[in-house]
Amino acid sequence: MPELPEVEALRIFLDDHLVGREIDRVLPLAVSVLKTYDPPLAALHGTTVTGTARHGKFLDVRAGTLHLIIHLARAGWLRWRDSFPAAPPRPGRGPLALRTVLAGGDGFDLTEAGTTKRLAVHLVHEPAEVPGIARLGPDPLDDAFDRDTFAALLAAENRRIKGALCDQSLIAGIGNAYSDEILHAAKMSPYKPTTGLGEDEITRLHTVLRDTLRDAVARSGGLAAGELKAEKKIGMRVHGRTGEACPVCGDTIREVSFSDSSLQYCPTCQTGGRPLADRRLSRLLK
């Protein structure tokens, strides 16, 4: 799933390619993609893109008084096209979910792999009209997200730190992959309870969290949309690297499986050398 760094990189890419350009047409091609119907997508035809923004994992393309809000979900992606085939696309065929064509003939496609369709597009007058945006917690890259703000958020929680970092209503933009990376860099178990965090641990976790996200955004800077997925994989130290050697200590990276996801961690760096039980066993091996 694209997370804050990839979505921010896409925002920067779209800002460079869309702002000041006229939208010729927007074509919904998957039944499930469009979540709003008033105003209609046709209201964008002939408008000029005036800016872009990011709200957590949501992309926001502003055209006049309208906001085209995009959430790529787990298997969605944005693909820039310098041109499009003359024949119009056939709805419901393949991964193509929505096409946006500019007056110059270029534009972008939204695609979604797999059979589970969660990619979502909203056209609204205000971003907060989208329920997922209205529920978002603070953005961890905002200047206002200081150590004390972070500590206050965690003080109200009583759960594992991994789940807290991934909760969009608590902190916007962090998902499964970057929470693994943040906790590895902080040398912290994903199972550590938020109530057990000491003052020094909170300080370290806040610093690592922001540094990890900033570094990922910096690595993605200047890349074309099609190169961002590969850059994300290359930059991962533990996530998606089960069975490989930890780049810090050389221990074998391990995995905990859930019903629809998994986490990766290093026992030596994060859990005092003890492997975590599979989540299906729901306890730490002694």
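Computed from a predicted model, the values in this text were never measured in an experiment.
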*Asks:* Does the side chain of Ile69 reach to within under 4.5 Å of the side chain of Leu123, using non-hydrogen atoms?
*Replies:*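 No; the side chains remain at least 4.5 Å from each other.
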*Asks:* Which heavy atom of Pro138 sits nearest a heavy atom of Leu153, and at what distance?
*Replies:*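 In this case the closest contact between Pro138 and Leu153 is CG-CD1, 3.8 Å.
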*Asks:* So if I apply the side chain to side chain contact (heavy atoms under 4.5 Å, CB included) rule between Ser179 and each of Ile171, Asp167, Ile174, which one comes out positive?
*Replies:*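 Result: among Ile171, Asp167, Ile174, Ile174 is the only option passing the side chain to side chain contact (heavy atoms under 4.5 Å, CB included) with Ser179.
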*Asks:* What I want to check is whether the side chains of Thr203 and Arg147 have a donor and an acceptor closer together than 3.5 Å.
*Replies:*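 Looking only at side-chain atoms, Arg147 and Thr203 do form a donor-acceptor pair, the distance falling under 3.5 Å.
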*Asks:* Would you name the heavy atoms of Leu78 and Leu72 that are closest together and state the gap between them?
*Replies:*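 Answer, listing the atom of Leu78 first, then Leu72: N-CD2, 4.2 Å.
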*Asks:* Measure across Ser220 and Ala9 and return the closest heavy-atom pair with its distance rounded to 0.1 Å.
*Replies:*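 Where Ser220 meets Ala9 most closely, the heavy atoms are CB-CB, 3.6 Å.
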*Asks:* Would you give me the side-chain donor-acceptor pairs under 3.5 Å for residues 24-35, sequence neighbours excluded?
*Replies:*
residue, atom, partner, partner atom, Å
Lys35, NZ, Ser32, O, 2.6

*Asks:* Kindly indicate whether the side chain of Arg159, heavy atoms from C-beta on, has any atom under 4.5 Å from the side chain of Pro193.
*Replies:*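 They are not in contact (no side-chain heavy atoms under 4.5 Å apart), so the answer is no.
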*Asks:* Distance only, no hydrogens: is a donor on one side chain within 3.5 Å (strictly under) of an acceptor on the other, for Glu181 and His239?
*Replies:*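 Not at all, the side chains of Glu181 and His239 share no donor-acceptor pair under 3.5 Å.
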*Asks:* So, taking the atom named CH2 in Trp80 and the one named OG1 in Thr100, what distance separates them when rounded to the nearest 0.5 Å?
*Replies:*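 So the CH2 of Trp80 and the OG1 of Thr100 are separated by 9.0 Å.
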*Asks:* Taking atom types as modelled, find out whether Thr242 and Glu255 have a side-chain donor-acceptor pair closer than 3.5 angstrom.
*Replies:*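 There is such a pair (donor and acceptor under 3.5 Å, judged by atom type) between the side chains of Thr242 and Glu255.
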*Asks:* In this structure, which one of Arg79, Arg21, Arg81 forms a salt bridge (charged side-chain N to carboxylate O under 4.0 Å, His left out) with Asp106?
*Replies:*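 Exactly one option meets the salt bridge (charged side-chain N to carboxylate O under 4.0 Å, His left out) with Asp106, and it is Arg21.
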*Asks:* How are the rings of Phe150 and His206 set relative to one another: parallel (under 30°), tilted (30 to 60°) or perpendicular (over 60°)?
*Replies:*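 The rings of Phe150 and His206 sit tilted, inter-plane angle from 30° to 60°.
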*Asks:* Any side-chain donor-acceptor pair under 3.5 Å between Tyr191 and Gln270?
*Replies:*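 The answer is no; no qualifying pair exists.
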*Asks:* Going from NE2 on His67 to CZ on Phe58, what distance comes out if it is rounded to the nearest 0.5 angstrom?
*Replies:*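 Going from NE2 on His67 over to CZ on Phe58, the span is 14.5 Å.
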*Asks:* Enumerate the salt bridge (charged side-chain N to carboxylate O under 4.0 Å, His left out) contacts for residues 47-75, please, sequence neighbours excluded, ordered by first and then second residue.
*Replies:*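 Sorted pair list: Glu8-Arg54, Arg54-Asp139.
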*Asks:* Do the side chains of Asp109 and Arg99 get close enough for a salt bridge, i.e. N-O under 4.0 angstrom?
*Replies:*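 Salt bridge flag = yes for Arg99 with Asp109.
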*Asks:* Between Arg274 and Pro267, is any pair of side-chain heavy atoms under 4.5 Å apart?
*Replies:*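 Sidechains of Pro267 and Arg274: no contact.
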*Asks:* Taking all non-hydrogen atoms of both residues, which atom of Ala63 and which atom of Leu44 are closest, and how far apart?
*Replies:*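 For Ala63 and Leu44, the tightest heavy-atom pair comes out as CB-CD2, 3.9 Å.
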*Asks:* Side chains of Asp215 and Thr212: any donor to acceptor distance under 3.5 Å?
*Replies:*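 There is no such pair (donor and acceptor under 3.5 Å, judged by atom type) between the side chains of Thr212 and Asp215.
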